[in-house]
Amino acid sequence: MTQSVVVQVGQCGNQIGCCFWDLALREHAAVNQKGIYDEAISSFFRNVDTRVVGDGGSISKGKICSLKARAVLIDMEEGVVNEILQGPLRDVFDTKQLITDISGSGNNWAVGHRVFGSLYQDQILEKLRKSAEHCDCLQCFFIIHSMGGGTGSGLGTFLLKMLEDEFPEVYRFVTSIYPSGEDDVITSPYNSVLAMKELNEHADCVLPIDNQSLFDIISKIDLMVNSGKLGTTVKPKSLVTSSSGALKTRPKKPFDAMNNIVANLLLNLTSSARFEGSLNMDLNEISMNLVPFPQLHYLVSSLTPLYTLTDVNIPPRRLDQMFSDAFSKDHQLLRADPKRSLYLACALMVRGNVQISDLRRNIERLKPSLQFVSWNQEGWKTSLCSIPPVGHSHSLLALANNTCVKPTFMELKERFMRLYKKKAHLHHYLQVEGMEESCFTEAVSSLSALIQEYNQLDATKNMPVQDLPRLSVAM
Amino acid sequence: MSIVTVQLGQCGNQIGFEVFDALLRDSHSSHGLCCKRENEAYQASCKERFFSEEENGVPIARAVLVDMEPKVINQTLSKAAQSGRWKYGQHACFCQKQGSGNNWAYGYSVHGPRHEESIMNLIRKEVEKCDSFSGFFIIMSMAGGTGSGIGAFVTQNLQDQYSNSLKMNQIIWPYGTGEVIVQNYNSILTLSHLYRSSDALLVHENDAVHKICAKLMNIKQISFSDINQVLAHQLGSVFQPTYSAESSFHYRRNPLGIDWHVRPPSSGLPSLGKMSLNKDLHFNTSIANLVILRGKDVQSADVEGFKDPALYTSWLEPVNAFNVWKTQRAFSKYEKSAVLVSNSQFLVKPLDMIVGKAWNMFASKAYIHQYTKFGIEEEDFLDSFTSLEQVVASYCNL
């Protein structure tokens, strides 16, 4: 069993991270009735004897003493991290694993990446090394950040290069929140495009998510819950947006529900690695199966069901509905319609009481409505994990490597060019030491090259699949 | 004569458990339909073959469990112990923490060499426990990273170190439609390597077993447990003791007594076997067939249909190509049962399909970087394609 370390950077990253730890505790509490520190928990938590001063307190077996998250929290402002440390989760975090500053990055990628990057490089490295040392077998770094701001975007991507150099064998999975069209940060296109170049070059896998999609999903859920459909009530705790009981007392923040969706995404992604099932899927298998070419590592995700109704019997029809929903554009966490675009690869990670025949039946049923690239007509990766998420009897996470990410990237490029053509706000960036216009041109050309790759794939979309001539052998 | 089983990866370990369980359950079954003395001889033979001497009366499976991550092995060990009827040896497993990531190259080139000594030591210990050792039974899937990559590596090592012993690989052929996206690459690399080192490849296709569950057994919600149990039942009915041809009351000592090394006149062709429960006559040409009959009225069973020359290739007489083994002792509560083990053209179509899909993917170079990262280059792929095209052509020419 392996461990993963979560690195949460910036305001957005830390808020999502906080929700993640909250839900992770809830999930493990539900599964682990005996309070024994087992391998599943150890994937994200350390077991520490808090009576021991200093660092010698790690306990590897036996009863749970005090759980500490395998996390590094980084923010160049103090507000968010301080709030976490005063909140109900304060004991879950190791106070030595924080890096904060007071001035913030001013929504400026260059400040986050270059100024704070060089200022905090050694400290960050030290904290990362520490967290790696606490792991028996570290498999993956999960980086959570937003693309549109300064810290998450700039410092978050600065980290990536560092992780690649320092821990080349450890996977780097990045959860990136992309700015929506109506983002109120004017320079978010600059920040995002500059960050994208780093993601292109140094991330193993990126899960792009945008706020608008999360918001739409929340609205859908609210509609369902409040519509008062006759005879149906939603099971408590089963909303993909709900938090655990512990945080009920905290005044609800507007982004909480949205952050919980992302937190659930991360939990479901790692479920088959943590818990047992009839067809396991480890984190290294995600990259192996879903990344056919190194540059094309952007995966669109969807989570279903969004909630569970209280009727206990789940007829197969409802199970099949879960699979159908996973491919609908309303359930994607990015503004994208995978059914209209080309699939390079698709992973279905199922949790709960679902068997191989249910999986196969649905793949057969849905396959005709999906377009797969010619060289990967059966590009499905599947996993079955026995343990369902809290409040559900089963759930599905679909990860698609699909050309439907292209519009997001193209819009980003367009917004970038609108600003860049007028050199608007450029001076804020150029006055940072080491920043030149070439940084911008390189970043946008990296993005253009990526878009071009997707274009080339799209061009093959409706062409007939031809079998290539095989080797002929002499007998 | 004892067999040492090596179970590799999630699939190999899940199936291995079911096989030992099925063997022992049948051995203890009270519906033997034969006299007590005979039943005892059957039980003794089965026990010697697959289990080693009891500790507190609980038989210990002659098996080595290998996996690169711990979850499945832990589950397998505890399921066996919970059954109360048998268990695995305490130190019979080799486990790592991180898995092979569905990457054949990682299994074969990284995990294999790294853990070669430990794994081969475990196997050697198991072999040394056997009074008379007959061969290896290696259970693995083709689609993943551990079973396929490490399986190929270990079989090669077994060929080097135990060249006189029989090595039979139980290969699980993945579902046609995706369990693993790179399954076709992993499959062709596995098969081409096994051809050089294995003596016999016993193949089970997930699609075929799934159909058996759905159509013949009417299971509504089929799980991997169901599939593995059907598989174990089939394997059990092949491996349980039978009489040797001289019709003495002496159970056949060598369970793998088929002459697997059949060679056509011109080129050397390693064998590829396929099993089915029903006695369907496929009109694929066969190289060799083995029928095993168990239960009531076996002595009077008519197997003349299997001796029809039309079933076989021209260069092999049916008398050499066809064998039948019998025992009156019924298997697993079935009053009468029959198994057909066949080396025929049956597998040409699935093999051809896998090679075709892998070739299409290879032409676009998709996923190749994941393999070259660990030392499997494009030439290695081309070698694999070449050797499998030759196999397909050889079988087509029968």
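Just so it is clear, the model here is predicted, and its values are computed rather than measured.
Proximity to chain A is limited to the side chain of B:Y371, based on heavy atoms less than 4.5 angstrom apart. Heavy atoms closer than 4.5 Å to chain A are found nowhere in B:I219, neither backbone nor side chain. With a threshold of 4.5 angstrom between heavy atoms, B:D207 approaches chain A through side-chain atoms but not through N, CA, C or O. Heavy atoms of A:Q377 lying under 4.5 Å from chain B are absent altogether. For chain B, the nearby part of A:S272 is the backbone; its heavy atoms alone come within less than 4.5 Å.
Of the possible polar contacts, one joining the B:Q370 side chain to the A:S287 backbone as a donor-acceptor pair under 3.5 Å is found. No side-chain donor-acceptor contact under 3.5 Å links A:N289 to the backbone of B:V180. Put simply, the side chain of B:K71 gets close to the backbone of A:A273: a donor and an acceptor are under 3.5 Å apart. With B:Q10 contributing its side chain and A:S278 its backbone, the two residues share a donor-acceptor pair below 3.5 Å.
Residues B:N102 and A:K381 are in side-chain contact: their nearest non-hydrogen atoms beyond the backbone lie under 4.5 Å apart. A:V291 has its side chain out of reach of B:Y367: every pair of non-hydrogen atoms, C-beta onward, lies at least 4.5 Å apart. Between A:D358 and B:Q221 the shortest side-chain heavy-atom distance falls below 4.5 Å. Two residues are said to be in side-chain contact when any heavy atoms from C-beta on lie closer than 4.5 Å; B:Y175 and A:E378 fail this criterion. A:N280 has its side chain within reach of B:E69: a pair of non-hydrogen atoms, C-beta onward, lies under 4.5 Å apart.
Between A:R470 and B:D352 the shortest heavy-atom distance is NH2-OD1, 2.8 Å. In terms of heavy-atom proximity, B:L382 sits nearest to A:L471 at O-CD1, 4.4 Å. Closest approach of B:N360 to A:W375, counting heavy atoms only: O-CB, 3.6 Å. Closest non-hydrogen pair, A:T2 versus B:Q98, comes out as CG2-CG, 3.3 Å.
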| Stepwise salt bridge (Lys or Arg N to Asp or Glu O under 4.0 Å) check, A:D282 with B:K97 | CA-CA 11 Å; A:D282 215 340; B:K97 300 177 194 140; over 6 Å; no
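The CG atom of A:L279 sits 12.0 Å away from atom OG of B:S223, with the distance rounded to the nearest 0.5 Å.
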